[in-house]
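Here the structure comes first, spelled out in structure tokens, and everything after it is commentary.
Bear in mind that the values here come from a model prediction, so they are computed numbers and not experimental data.
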Amino acid sequence: MTKIKNFCKKIWVLFIAILCICSFSEVVSAEEYEGLDVSVWQGTVDFIEVKSDGMQIVYIRAGYGLSEDTMFRTNSKNARDAGMRMGFYFYVTAQDVSEAKAQAEYFASLISNEPYDCRPAVDFETFTGLTDEECIEIALAFSETLANKTGETPLFYTDVDRVEYLWGDRLTDYPLWVANYDVSEPESIGAWDSWVGFQYSDTGNVNGIDGNVDLDRFTSDVLLESSDTELPFIDVAQDNWYYKAVASLYDAGLVKGVSNTVFAPDEDAERAVPVTILYRLDGSPNVSSEFVFADVSSDSWYADSIAWAADNDIAKGIGGDLFAPDKGVSRQEMAVFLYRYAVYKDYDTTKTDSMERFTDYDLVADWAEEAIKWAVGMGIITGTRSDMLAPDAAATRAEVAEMVYRMMEAY
């Protein structure tokens with residue numbers, strides 16, 4: 001009997017050990033990301049340093065009320081250039097449902113031309129003079145409007161006290177981002193089943209930022225769905241700023257690599273490349289024209305694309321009956337190709353912006369000025385830095401993919 005008991009005891013211990021191992025495996029396999037959230041209050045952020053310090057995701061304030069955060073565009077570009085995954089949040093100041101809807105529409109318009117990897121987030125914490133029911137109605141109106149305008153389910157940010165005592169189960173359709181400081185895990189998530197964002201400090205210190213900053217942990221549920229197609233390119237990683245653009249265009253059959261496994265994102269793009277992408281975007285229609293540039297062979301891989309572009313006034317060559325298909329495409333030429341394509345497709349091209357905030361705006365050629373103003377206004381071109389357009393600089397293959405992707409997102 002003793003042997004049987006000892007045997008059973010060993011089996012029980014083994015069972016518990018296996019159970020613990022399996023449970024531990026599930027815990028460690030649940031991927032989490034270190035992150036932070038920033039606004040104008042952090043001043044100029046060195047996102048390369050931030051990323052080097054282990055930060056993987058940044059949430060950037062886009063605006064508040066009906067005002068844009070003055071560092072929004074700069075933070076967005078610099079975080080993207082540093083290869084960080086990012087999302088945008090908005091500080092809600094609405095005092096009724098009508099204001100909530102207007103502010104949500106404004107937020108959606110701010111980020112409509114900005115690429116982002118993470119769900120947009122609702123930051124509602126101004127409750128003075130409001131009843132609990134009014135707070136809930138405002139939060140619901142903003143979140144529902146934002147979801148409808150962006151096509152994405154937003155995060156809902158709140159603190160641990162209100163998650164417990166205010167919201168009940170009325171906001172649980174929106175993933176929870178909860179603030180609870182100086183603890184290793186949120187002390188409560190109320191009616192939510194889980195959290196996807198956990199702000200655990202408002203006095204964090206991160207390389208690249210002067211002063212304190214909010215620190216967060218995020219789960220993979222904060223990320224927007226990416227392309228279902230697995231990229232074959234060994235030189236395009238998920239944390240590259242151009243990953244989403246390349247993946248989307250590759251998934252749609254619009255771009256290919258320079259080989260089966262290499263995309264060469266940092267190489268200069270040839271003039272034939274954007275024209276071919278646009279031709280494919282238009283469905284690769286049959287080409288009836290016999291017009292051929294003197295330097296475009298009829299049996300070249302880009303012959304149909306260039307003939308189509310010439311037929312539809314998208315590409316007009318460089319003069320002297322030449323197209324220069326193998327020449328690097330400049331950033332302003334890229335803007336012109338995209339602008340003419342938008343006109344050809346009868347898209348609304350009336351949204352423009354001044355170039356004068358860029359220190360080198362006087363380098364833009366007269367023939368490209370209209371296109372550049374449109375591209376800046378649409379967020380298709382944001383500058384190589386916050387104050388430089390670099391219109392004559394060659395566009396890399398990654399930049400071409402990003403600019404086409406932004407145009408596609410805009411329309």
Side-chain angles (χ1 to χ4, degrees), residues 62 68 72-73 76-77 80 105-116 149-151 242 244-245 248-249 252 254-255 269 271-285 289 305-318 323 329-358 360-384 386-393 395 398-411:
E68 179 176 325
F72 161 50
R73 307 287 177 182
S76 174
K77 180 188 184 303
R80 183 170 61 252
E105 291 178 357
Y106 178 65
F107 180 25
S109 71
L110 286 179
I111 64 176
S112 63
N113 294 317
E114 295 286 335
Y116 52 95
K149 290 294 181 179
T150 63
Y242 46 79
K244 192 173 183 180
S248 297
L249 268 61
L254 302 179
V255 297
R271 280 171 48 85
V273 170
V275 170
T276 299
I277 294 173
L278 295 175
Y279 173 63
R280 292 171 181 162
L281 182 60
D282 199 39
S284 300
S289 173
S305 303
I306 292 175
W308 163 85
D311 276 350
N312 295 288
D313 291 327
I314 293 167
K316 300 178 181 179
I318 62 171
F323 184 80
V329 62
S330 70
R331 287 166 54 82
Q332 63 184 350
E333 286 176 324
M334 186 67 202
V336 169
F337 287 152
L338 295 179
Y339 176 72
R340 291 174 180 166
Y341 180 82
V343 172
Y344 159 70
K345 297 296 289 184
D346 201 28
Y347 294 152
D348 182 1
T349 57
T350 58
K351 185 176 181 179
T352 61
D353 198 356
S354 171
M355 303 183 297
E356 294 186 5
R357 72 171 186 266
F358 299 100
D360 58 350
Y361 75 93
D362 57 330
L363 298 180
V364 175
D366 291 342
W367 51 264
E369 188 171 314
E370 186 177 24
I372 290 286
K373 288 180 178 178
W374 164 81
V376 170
M378 296 297 292
I380 293 169
I381 284 183
T382 55
T384 57
S386 60
D387 63 344
M388 291 193 68
L389 280 168
D392 285 325
E399 288 176 325
V400 167
E402 184 71 31
M403 291 169 71
V404 174
Y405 174 73
R406 291 181 189 175
M407 183 191 71
M408 292 169 61
E409 288 288 284
Y411 293 112

Heavy atoms, side chains only, cut-off 4.5 Å: are [X] and [Y] in contact?
X    : Y    : value
L278 : R340 : no
I314 : W308 : yes
T150 : F107 : no
W374 : L338 : yes
Y344 : D313 : no
V404 : M334 : yes
P115 : K244 : no
E105 : K149 : yes

Please step through side-chain contact (heavy atoms from CB on, under 4.5 Å) for the pair V376 and F358, ending with a clear verdict.
-> CA-CA 10 Å; V376 170; F358 299 100; 4.0 Å; yes

Partners of F323 by ring-ring contact (aromatic ring centres under 6.0 Å, His included), sequence neighbours excluded?
->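 Per chain and number, F323 pairs via ring-ring contact (aromatic ring centres under 6.0 Å, His included) with F293.
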
Please find the pair of heavy atoms, one from [X] and one from [Y], that lie closest to each other, and give the distance.
X    : Y    : answer
L363 : D392 : O-OD2, 4.2 Å
L254 : L281 : CD2-N, 3.5 Å
A335 : I381 : CB-CD1, 3.9 Å
R331 : L389 : NE-O, 2.9 Å
L110 : A62  : CD1-O, 3.5 Å
M408 : L249 : SD-CD1, 4.0 Å

For D346, does the CG atom have more than 12 heavy-atom neighbours from other residues, nucleotides or ligands under 6.0 Å away?
->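 No, CG of D346 has 12 or fewer neighbouring heavy atoms, counting only those of other groups under 6.0 Å.
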
Exceeds 12 heavy-atom contacts within 6.0 angstrom, atom CD of E370 |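 12 or below, so no.
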
Could you walk me through whether K373 and V364 pass side-chain contact (heavy atoms from CB on, under 4.5 Å), step by step?
-> CA-CA 10 Å; K373 288 180 178 178; V364 175; over 6 Å; no

Any sub-3.5 Å donor-acceptor pair from [X]'s side-chain atoms to [Y]'s backbone N or O?
X    : Y    : answer
Y279 : P285 : yes
D360 : M388 : no
S109 : Y106 : yes
E114 : S76  : no
Y411 : D348 : yes

Drop me the distance from M378's CE to S112's OG, to the nearest 0.5 angstrom.
->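 Answer for the CE-OG pair, M378 versus S112, is 7.0 Å.
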
To the nearest 0.5 Å, how far apart are CZ in F337 and CE in M407?
->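 So the CZ of F337 and the CE of M407 are separated by 13.0 Å.
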
Evaluate the side-chain contact (heavy atoms from CB on, under 4.5 Å) criterion for residues I372 and Y339: first the C-alpha distance (whole Å), next the side-chain angles of each, then the deciding distance (0.1 Å), finally the verdict.
-> CA-CA 8 Å; I372 290 286; Y339 176 72; over 6 Å; no

Chi angles and distances behind the side-chain contact (heavy atoms from CB on, under 4.5 Å) call for V329, V273 = CA-CA 9 Å; V329 62; V273 170; over 6 Å; no

